[in-house]
There are 2 protein chains.
Amino acid sequence: MDTRELRSLGLKATLPRIKILEILEQQTEFSNHLTAEQIYKILIKGNEDIGLATIYRVLTQFESSGIVKRHHFEGGNSVFELDDGEHHDHILCVKCGQIAEFNDDLIEQRQKEISLALGYTLTDHSLYLYGYCAACR
Amino acid sequence: MDTRELRSLGLKATLPRIKILEILEQQTEFSNHLTAEQIYKILIKGNEDIGLATIYRVLTQFESSGIVKRHHFEGGNSVFELDDGEHHDHILCVKCGQIAEFNDDLIEQRQKEISLALGYTLTDHSLYLYGYCAACR
DNA sequence: TTGATTGCAAAGAATTTGCACTGGG
DNA sequence: CCCAGTGCAAATTCTTTGCAATCAA
């Protein structure tokens, strides 16, 4: 139950927060990576009277709480996805926007080696691949 | 000579374009990755009367011409660097902003394999590593 | 000369913030 | 009941655009 999850984060279980969580959980066949605007439109369509500013605020809180991850894909706006704690990278279709996720131990390992060699202590990284998906090729 | 380079791209050798090229070529000990704003300030300091809008326009033209690359680092604005045709990735210090470049064949290779496996035709990618540099550790 | 280029100011797009009102605990 | 949370509109930030003036070829 979302209500309990929110409480455990020290957040009141308000309607906007519950609705936004629900939307993020409903991963569509297409993508579970949504912009604030997209979430807003879904809510409007569902006759929920929730402001766009609230969506940004809630997503930012969720991000701070570690249950949502924010991505800045090329050119576009921020997109948000539920963060289950498992790291993964992304590959995006530049034509249709389709997003696939992957994780590769070899790349992860190599990144650590490179940082070390350059004298950095790695805290985070972002890897986005862009191309044409099978359908758009 | 920059004038010639600009002409060969079909661009008039105007003062703003030449000045901006010069700034990008002068890679400082700190970084050769600059925001439009930073370039603007450097020009102002040099008593050049060039508008910020012009800088954005020129950089965008340079990007189209393939002599400049634009990056969207985490959170911040766009940064620009001269594009010498050699691909490289970046590692940034989250504290002082220091940027190092690297290129790793193993990672490049692996990216291709992954795209292929997922049915994508790769056109581009961005890899940014974030951490603390030796000085900020 | 003359079309490309620029500066300025105004427009846009995405996101954040101020503030009075509302609702969850 | 009371303060965290919200809606709305206004403010910010970064970037792009319209247009008359200017400049390189």
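Order of the sequence lines sets the chain letters (A, B, ...), proteins ahead of strands, with each chain counted from 1.
Taking atom CG of Asn77(A) as the reference point, atom C1' of dC14(D) lies 13 Å away to the nearest angstrom. Distance Tyr56(B) OH to dG18(D) P: 18 Å, rounded to the nearest Å. Distance, Arg7(B) CZ to dC23(D) C1': 13 Å, rounded to whole Å. Taking atom CD on Glu74(B) and atom P on dC14(D), their separation rounds to 16 Å, with Å as the unit. Atom CG of Leu34(B) and atom C1' of dT15(D) are 17 Å apart (whole Å). Separating the CD1 atom of Ile20(A) from the C1' atom of dG7(D) is a distance of 13 Å, rounded to the nearest angstrom.
Taking a cutoff of 4.0 Å between a charged side-chain nitrogen and a carboxylate oxygen, Lys69(B) and Glu81(B) do not qualify as a salt bridge.
Within residues 38-55 of chain A, the residues that have a heavy atom under 4.0 Å from DNA chain D are, in order of number, Asp49(A), Ile50(A), Gly51(A), Ala53(A), Thr54(A).
The side-chain heavy atoms of Val79(A) and Leu34(A), taken from C-beta on, include no pair separated by under 4.5 Å. For the pair Thr60(B) and Arg70(B), the minimum side-chain heavy-atom distance is below 4.5 Å. Gln38(B) is listed as a side-chain neighbour of Thr35(B), based on a closest heavy-atom distance under 4.5 Å. A 4.5 Å side-chain heavy-atom check between Phe62(B) and Arg57(B) finds every atom pair outside the cut-off.
Ala13(B) comes within contact range of the sugar-phosphate backbone alone, with a heavy-atom separation under 4.0 Å but no base atom that close. Residue contacts for Arg57(B): at a heavy-atom cut-off of 4.0 Å it reaches a base atom on one of the strands shown. In this structure, Thr35(A) reaches neither bases nor backbone, as no heavy-atom distance under 4.0 Å exists between it and the strands shown.
Residue order along DNA chain D, read from the 5' end via each residue's closest nucleotide, puts Ser78(B) first among Ser78(B) and Thr3(B).
With a 6.0 Å radius and a threshold of 12 heavy atoms from other residues, nucleotides or ligands, Tyr130(B) has its OH atom above the threshold.
For DNA chain C, the outermost nucleotides in 5' to 3' order that have an atom under 4.0 Å from a heavy atom of chain B are dG3(C) to dA9(C).
Using a 30° and 60° split on the angle between ring planes, Phe73(B) and Tyr128(B) fall in the perpendicular class, above 60°.
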Next on the checklist: Let's go through His90(B) and His125(A) carefully: what are the C-alpha distance in whole Å and the side-chain angles of both, what is the deciding distance for ring-ring contact (aromatic ring centres under 6.0 Å, His included) to 0.1 Å, and is it a yes or a no?
Outcome noted: CA-CA 10 Å; His90(B) 297 83; His125(A) 75 266; over 10 Å; no
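No side-chain donor-acceptor contact under 3.5 Å links Arg17(A) to the backbone of Val58(A).
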